[in-house]
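Lettering of chains follows the sequences in order, A, B, ..., and the numbering in each one begins at 1.
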There are 2 protein chains.
Amino acid sequence: MKDVATIAGVSVSTVSRVINNTLPVDARTRELVERAIRKVSYRPNLLASGLRSKSGNLIGLAVPEIAHQSFDNFIKHTEEFARANKYGLILGDIHNDPDGEADFIDQLIRRNVDGIIFIRVSDESRALEMLNRTTIPYVVLDRGVSTATAPTVVMDNYQAGRLAAEHLIALGHRNVACVTGPLNVSLCRDRLDGFTQTLSAAGLRILRSDIHESDFQFDSGVELVPGILERNPSLTAVWAQNDLMAIGIMAGLRDHGLDVPGDVSVLGVDDISACRMLRPQLTTVKQPFREMSRAAVDLLLRESALGERISEKIVIPTELVIRQSTAPPRDLQGACEQGSRFSETRHIVVEHAVERSR
Amino acid sequence: MKDVATIAGVSVSTVSRVINNTLPVDARTRELVERAIRKVSYRPNLLASGLRSKSGNLIGLAVPEIAHQSFDNFIKHTEEFARANKYGLILGDIHNDPDGEADFIDQLIRRNVDGIIFIRVSDESRALEMLNRTTIPYVVLDRGVSTATAPTVVMDNYQAGRLAAEHLIALGHRNVACVTGPLNVSLCRDRLDGFTQTLSAAGLRILRSDIHESDFQFDSGVELVPGILERNPSLTAVWAQNDLMAIGIMAGLRDHGLDVPGDVSVLGVDDISACRMLRPQLTTVKQPFREMSRAAVDLLLRESALGERISEKIVIPTELVIRQSTAPPRDLQGACEQGSRFSETRHIVVEHAVERSR
DNA sequence: CGTTTGTGTGAAATCCTTTTCATAGGCCTA
DNA sequence: TAGGCCTATGAAAAGGATTTCACACAAACG
């Protein structure tokens, strides 16, 4: 930087002002400086600038598990929006380790990050307390906070449950089961409420014994199938609260010799890429990863600019993606092929792959 | 830090030495300093330290596409090993944009990163030239460099082709097709060589027209199926050079009314998590993501410690994971159920899911 | 014409560490 | 006991930017 100043015949202060557009600089001077910058191909050092200005030009992202099919999508889009705003993204995998979490946040603070986005493993995460003792902007993504208010971006989980229920109702299902995530995670309760309340509003009831609490894993979906069928041998549809479990259930049903959607309809939540790869393709409620990531980065930068926490809860609406894993229950299948409900419902479809395959 | 020094009654130099273990410090003094550190819960600022010591405590990772099923695994494990070595991981999605790539690398340089690991989009990536003009350590991961020597970590791609071929040969297939990735990517050529050479060593021939060049995408696998069958209606097995295409092919075959593995066996490369979720589960050649990531981080840190580039090419061996998508061709299926070849081959199996499901 | 006002610029302080250089003792050896 | 060598420590420079403060000069005002 000193070299640039010398070559341009100005002081370093002026060079800094040219680079950051922080104070007006004479057009001729600016030109001289810019030329000098190009000449020595000068790159401002971000550590030095961050040190002085107290901004690391960095956003931290903490996720419970990088290689998890849905967190990927958050990582991808958070990186996208961070970069669009000239921030770097520093990534941390928390697994389920409170110490690891604390270490990571500690590291971020020491790097003068401009903010932290994090997806909590569960509601017990202690990171919030840690962060609330600092002034660092943060946003809680995906898994909201039920106990306190905090800057939050979530999808409309109640709506997700409602859409799933409405779809099954429209297809004519009357005997359905639900597989939830851990019910100490608030979004699971919200999804379940949307589902059950919509069912009862339509005069349908779901028995307590048809609600199975699980852990969002594929294997659990597979393993749950025998139990689900044992409790309710005549059910015609299962809604799982995420795709991984839904896919597990599909696999489990097939292992049991049952056909999806012929014998049982299955749908999930998330719309991970695997949905389209299966046969039948999985009907699901889409998690708006991109919109959520954008909202999270925006909120974070607003906090950062404002200099204080914004305890806002942003709820992003969702939508149903109808594919092949849901159909009317067997006793209605004749009727539906003649049109009526089934084809009406089909019109909600917007998905390319489905369009193309017909 | 000054506060810590004051409280402990020593100079800041001593505090620094205690923290970094850089010079011997009297045990009593150390104790005093540590107590002071805890008292004010002091956290060393990484920007300041990085500025002075020219090490950002940071590793950069550039990938062609974050949400791609196999790059996830590299991200995950690279983060793991970076963190184990007290480095932060800063992530960049390059897509296919040379400018984005240059920007990202520029950013990393400006942050005094200790090294850069990158997975190149294709062999044309210009990042290498850019980096070779600097002294920053780097490692090329997954997609090797054919033109020049550079620090590289790859899987044994020739072996991958060989394992796939051997497996099909052992099952009794004599009429097979292959779907490759872009043949301007060297690993695709290596995989293909391993495959074809092993076939011919066994006295089998694969026709030029049964080798289909594609692009590693799921959709391409689906779309390729009609063409593959048209060229060779009597084939009994297809090897795709990655799982995404293999899964696409499976889906396409099913859309065509064909059974996998009854009519056609399919196998891939990578062992992404989706393999176990499909029915039938996909047989594949495992990409050793974790070992490769570890090797890459290690190599990077060795370069960093040494202060110069290590033009070493590390090749990680691979292995076959047999699941359900491969079986003897139909005309041999009777024989195999009585034991012989098929069950012998099955003994190679090591996969949990498969074990459990029997 | 003297005094505000405003704009562009430079000098120096600052951000927080690490690292070099110098020094003060303590111990060992001749 | 003087000289040499360690070891533990402190003072100060350095790292590369930003930001405050001060100032010079030109235009505008009364």
Undergrad: Is there a donor-acceptor contact under 3.5 Å from the side chain of B/Asp93 to the main chain of B/Ile66?
TA: yes
Undergrad: Within a 6.0 Å radius of atom CG on B/Asn96, are there more than 12 heavy atoms belonging to other residues, nucleotides or ligands?
TA: no
Undergrad: Should A/Glu101 and A/Met130 count as side-chain neighbours, where that means a heavy-atom distance under 4.5 Å?
TA: no
Undergrad: Does the side chain of A/Pro137 reach to within under 4.5 Å of the side chain of A/Asp114, using non-hydrogen atoms?
TA: no
Undergrad: With heavy atoms of chain B within less than 4.0 Å as the criterion, where does contact along DNA chain D begin and end?
TA: D/dA8 to D/dG16
Undergrad: Just by protein heavy atoms under 4.0 Å, how would nucleotides 19-24 of chain C read 5' to 3' in B, S and -?
TA: BB----
Undergrad: Given that B/Gly9 and B/Lys54 both sit by DNA chain D, which one's nearest nucleotide is further toward the 5' end?
TA: B/Gly9
Undergrad: Is there a donor-acceptor pair closer than 3.5 Å between any side-chain N or O of B/Thr6 and the backbone N or O of B/Lys2?
TA: yes
Undergrad: Between B/Ile19 (CD1) and C/dC16 (P), how many Å, whole number?
TA: 14 Å
Undergrad: Are any non-hydrogen side-chain atoms of A/Arg143 and A/Val154 less than 4.5 angstrom apart?
TA: no
Undergrad: State, yes or no, whether a side-chain contact exists between B/Arg110 and A/Pro44 at a heavy-atom distance under 4.5 Å.
TA: yes
Undergrad: Taking only Lys NZ, Arg NE, NH1 and NH2, and the carboxylate oxygens of Asp or Glu, determine whether B/Arg290 and B/Glu80 approach each other closer than 4.0 Å.
TA: yes
Undergrad: Can you list, in residue-number order, the parts of residues 35-49 of chain B that come under 4.0 Å of DNA chain D, counting heavy atoms only?
TA: B/Ala48
Undergrad: Determine yes or no for a side-chain-to-main-chain donor-acceptor pair under 3.5 angstrom, with A/Arg38 supplying the side chain and A/Val33 the backbone.
TA: no
Undergrad: With rounding to the nearest 0.5 angstrom, report the CG to CZ distance, B/Leu128 to B/Arg133.
TA: 11.0 Å
Undergrad: With heavy-atom distances below 4.5 Å as the criterion, would you say the side chains of B/Leu58 and A/Ile90 are in contact?
TA: yes
Undergrad: Can you pull out every ring pair (Phe, Tyr, Trp, His ring centres under 6.0 Å) where at least one residue sits in residues 59-96 of chain A? Sequence neighbours excluded, please.
TA: A/His68-A/Phe71, A/Phe74-A/Phe289
Undergrad: Using rotation axes that map the C1' atoms of four end pairs onto the next four (five pairs an end), what angle separates the end axes of the helix from C/dC1-D/dG30 to C/dA30-D/dT1, to 10°?
TA: 50°
Undergrad: Is any side-chain heavy atom of A/Ile94 closer than 4.5 Å to a side-chain heavy atom of A/Phe104?
TA: yes
Undergrad: Does any residue of residues 24-33 of chain A have a heavy atom under 4.0 Å from DNA chain C, and if so, which ones, in number order?
TA: A/Pro24, A/Val25, A/Asp26, A/Thr29
Undergrad: Under 4.0 angstrom, heavy atoms only, what part of the nucleic acid is A/Val15 near: base, sugar-phosphate, or nothing?
TA: nothing
Undergrad: So B/Ile105 and B/Ile109, do their side chains get closer than 4.5 Å, heavy atoms only?
TA: yes
Undergrad: Are any of the side-chain heavy atoms of B/Asn45 and B/Met1 separated by less than 4.5 Å?
TA: no
Undergrad: Expressed as a whole number of angstroms, how long is the span from A/Met1:CE to C/dG10:P?
TA: 12 Å
Undergrad: Using atom types as modelled and distance alone, determine if a side-chain donor or acceptor of B/Arg17 lies under 3.5 Å from a backbone N or O of B/Arg30.
TA: no
Undergrad: Using a heavy-atom cut-off of under 4.0 Å over every strand shown, decide if B/Lys2 touches base, sugar-phosphate, or nothing.
TA: nothing
Undergrad: Figure out the CZ/P separation between A/Arg111 and C/dC16, and round it to whole Å.
TA: 17 Å
